[in-house]
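Contents: one structure, followed by commentary.
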Amino acid sequence: MLNIYNSLTKKKQPIIPIKPNEVSIYVCGMTVYDYCHVGHARVMVVFDVVVRYLRYLGYKVNYVSNITDIDDKIIQRANENEEDINELTTRFIQAMHEDSDALGVLRPDNQPKATEFIPEIIAMIEGLINNKHAYVTDNGDVCYSIQSFADYGKLSGKNLAELRSGERVDVDESKQNSLDFVLWKAAKPNEPSWDSPWGAGRPGWHIECSAMSTVCLGNHFDIHGGGMDLQFPHHENEIAQSEGTTGEKFVNIWMHNGFVRINDEKMSKSLGNFFTVKEVLDKYQPEVLRYFILTSHYRSPLNYSDADLDAAKQALTRLYTALRGLSIDDSYANDAYKQHFQTVMDDDFNTPEVLAILFELSHAINKARTNDLPLANQLAGELKRLGNILGLLQAEPEEFLQGKKQDFIEQLLLERQSARQRKDWAEADRIRDELEKQGIVLEDNAQGTTWRKI
RNA sequence: GGCUGAAUGGCAGAGUGGUUAUGCACCGGUUUGCAAAACCGUGGAGGUCGGUUCAAUUCCGGCUUCAGCCUCCA
């Protein structure tokens, strides 16, 4: 039975889908005005594993992850670039897809864009006004009245009095309460806008997610995810909006992933201490980054450093080395590894511990390959199957370990082979050293010599 | 100031009231022309002060330190 930590109850709880055998999940996606950084990669990979595992368990999963393509920052960036907003967002949506594809992230079933849901957003705001949860301000904005929603603060564990005493929000005289947030922003000159009952304007960020999630998945769905920083106010506001509109419970389980850090500080755009996915992929294979993300539990902080990426690469090299030269055989019948894997994943997706099982398997493979090759082939099949649930180990081992074939390497290997045959060890070692300088390490074995990149 | 969460071996990082996490690194061995990889084996841990317990890294409390949220953020 899969148990998931619910941020709302602060407890692990079994997932009991609203519709039997179907899981509906919504994850807050990107605002597309720049390239993805490693923090974004973590969200994508973490929830990709969640979805893969749910599917592995046999659930029919409907996975929705939105794209925010209208927002202050987008408008600002487009102005800075003197670029059309549509061109800007199209460009970065494409870049996002390149990154997520490289990381082996399966595309969500649906990636709604905010600009394609304007009528639904307007309808929701109208509903909130009718329900007395929202009001029109003097300057033409529509704001949500948090005092109208009794449960406000239930997700983040905050209460209104505390929020007010510690508030750092600039006081906006037009709001009834300084913590009220904007649902609809009246258009300013030269900004993109849509017609609405309150005049030309555009939606606030929070209402986009409420509208897109409930339209795509229904008023009440199973799992809502996102980064920890979205818990307040974004997700708190989503609850207030959605439940304020429908009167129904919005989400059963709230999942929040921890941050990526640099030197024990949150990686973020505002701090400027981020690495983009593309920067990392210039130095490391995508699967290394994916593996690295899975080495820590999704709710724990993940400190980014080259040393840790190097370690991830070495670990992955060990796994692929175990698979090397074997013929995958899917007939392994003993389900001990699989059972253990499931038990561990069932405990709130404990990927670090599940990786340990992959190493147990690779160890068993290495032991079996000398005296029981059929078993080794079967274990390799099991390793690859379990790896697939994590989106790992699906490449050909040689492809991971060597990358592109290079003629000069083959040539030098031939030269070294003949040197070894005539026992010219000095020449053989010279060639080996020469290749090592170029990042190629040789491995002699009974069948001949293989190589891999360092 | 309020609210969260965390502190584990050289590094990364899990579980666990008493028994090996795992990976990398280190040490001894097998193997190898020598290496590498692999295998066999050894060593090394749980911020601090108390409490509960036959027994705590694991439960409870204080303290310290760190991080996050309370403003856009994944």
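The analysis underlying the following values was restricted to heavy atoms, covering all of them including side chains, and did not include hydrogens, waters or symmetry mates. Worth saying up front: this structure is predicted, and the values here are computed from it rather than measured. Numbered from 1 within each chain, the chains take letters A, B, ... in sequence-line order.
Backbone-only contact: Gln314(A) has heavy atoms under 4.0 Å from sugar-phosphate atoms and none from a base. When heavy atoms are screened at a 4.0 angstrom cut-off, Lys367(A) is found touching the sugar-phosphate backbone but no base atom. Here Asp308(A) lies in heavy-atom contact (under 4.0 Å) with sugar-phosphate atoms only. If you check every strand for non-hydrogen atoms under 4.0 Å, Arg77(A) touches nothing. Using a 4.0 Å heavy-atom criterion, one finds that Asp72(A) contacts no nucleic acid atom at all. Nucleic acid contact for Ser300(A): sugar-phosphate only, since backbone atoms but no base atoms lie under 4.0 Å from a heavy atom of the residue. Counting any heavy atom pair closer than 4.0 Å across all strands shown, Val260(A) reaches a base atom. Residue contacts for Met44(A): at a heavy-atom cut-off of 4.0 Å it reaches no nucleic acid atom on any strand shown. Across all strands, Gly29(A) comes closer than 4.0 Å only to sugar-phosphate atoms, never to a base (heavy-atom distances). Across all strands, Leu355(A) comes closer than 4.0 Å to no nucleic acid atom at all (heavy-atom distances). Nucleic acid contact for Ser270(A): base, since at least one base atom lies under 4.0 Å from a heavy atom of the residue. Among the atoms of the strands shown, none is found under 4.0 Å from any heavy atom of His234(A). Contact annotation for Lys423(A): no contact, since no heavy-atom pair falls under 4.0 Å across all strands. In this structure, Asn350(A) reaches the sugar-phosphate backbone alone: every heavy-atom distance under 4.0 Å involves primed, P, OP1 or OP2 atoms, never a base.
Here the P atom of nucleotide rA36(B) and the CG atom of Leu442(A) are 12 Å apart, to the nearest Å. Across the protein-nucleic acid pair, Ile357(A) atom CD1 and rG15(B) atom P stand 13 Å apart, rounded to whole Å. Protein atom CD of Glu353(A) is 11 Å distant from nucleotide atom P of rU22(B), rounded to whole Å. Rounded to whole Å, the distance from CZ on Arg261(A) to C1' on rA74(B) is 15 Å. Going from atom CG of Asp99(A) over to atom P of rA74(B) covers 14 Å, rounded to whole Å.
Side-chain nitrogen and oxygen atoms of Arg299(A) include none within less than 4.0 Å of the OP1 or OP2 phosphate oxygen of rA74(B). Side-chain N/O atoms of Asn366(A) include one lying less than 4.0 angstrom from OP1 or OP2 on rC39(B). Listed pair Lys313(A) / rG23(B) fails the phosphate criterion, with no side-chain N or O lying under 4.0 Å from OP1 or OP2. Of the side-chain N and O atoms in Lys10(A), none sit less than 4.0 angstrom from OP1 or OP2 of rG5(B). Listed pair His363(A) / rC39(B) meets the phosphate criterion, a side-chain N or O lying under 4.0 Å from OP1 or OP2.
Ser193(A) contributes no side-chain N or O that, together with a main-chain N or O of Arg202(A), makes up a donor-acceptor pair within less than 3.5 Å.
Counting non-hydrogen atoms of other residues, nucleotides and ligands closer than 6.0 Å to CD of Glu396(A) gives a total of 12 or fewer. Within a 6.0 Å radius of NZ in Lys154(A), other residues, nucleotides and ligands contribute more than 12 heavy atoms.
Nearest-nucleotide positions on RNA chain B for Ser296(A) and Ala428(A) put Ser296(A) closer to the 5' end. Each of Pro233(A) and Arg369(A) has a nearest nucleotide on RNA chain B; the 5'-most of these lies closest to Arg369(A).
Closest approach to the Met267(A) side chain among rC34(B), rG13(B), rA74(B) is made by rA74(B) (side chain taken as heavy atoms from C-beta onward). Taking every side-chain heavy atom of Arg452(A) into account, rA37(B) is the closest of rA14(B), rA37(B), rA12(B). The side chain of Pro352(A) lies closest to rA14(B) when the candidates are rA37(B), rA74(B), rA14(B).
Under 3.5 Å, the side chain of Lys158(A) and the base of rC69(B) form at least one donor-acceptor pair of N or O atoms. Counting atom types as modelled, Asp347(A) pairs no side-chain N or O with a base atom of rG15(B) as donor and acceptor under 3.5 Å. Residue Arg432(A) places a side-chain atom within donor-acceptor reach of the base of rA35(B), judged by atom type and a 3.5 Å distance cut-off alone. Applying the 3.5 Å distance criterion, the base of rC72(B) shares no donor-acceptor pair with the side chain of Asp229(A). Counting atom types as modelled, Arg318(A) pairs no side-chain N or O with a base atom of rC24(B) as donor and acceptor under 3.5 Å.
Arg261(A) has a carboxylate O that lies under 4.0 Å from a charged side-chain N of Asp264(A), or vice versa, which qualifies the two as a salt bridge. Salt-bridge formation is detected for the pair Glu98(A)/Lys278(A): a Lys NZ or Arg NE/NH1/NH2 atom is positioned less than 4.0 Å from an Asp or Glu carboxylate oxygen. For Arg452(A) and Glu443(A), the salt-bridge test passes: some basic side-chain N is under 4.0 Å from an acidic carboxylate O.
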As a quick check of understanding, evaluate salt bridge (Lys or Arg N to Asp or Glu O under 4.0 Å) for Glu434(A) and Lys437(A), giving each step before the final call. CA-CA 5 Å; Glu434(A) 185 184 328; Lys437(A) 277 181 200 153; over 6 Å; no
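For rG17(B), the glycosidic angle deviates from 0 by more than 90°, giving an anti base.
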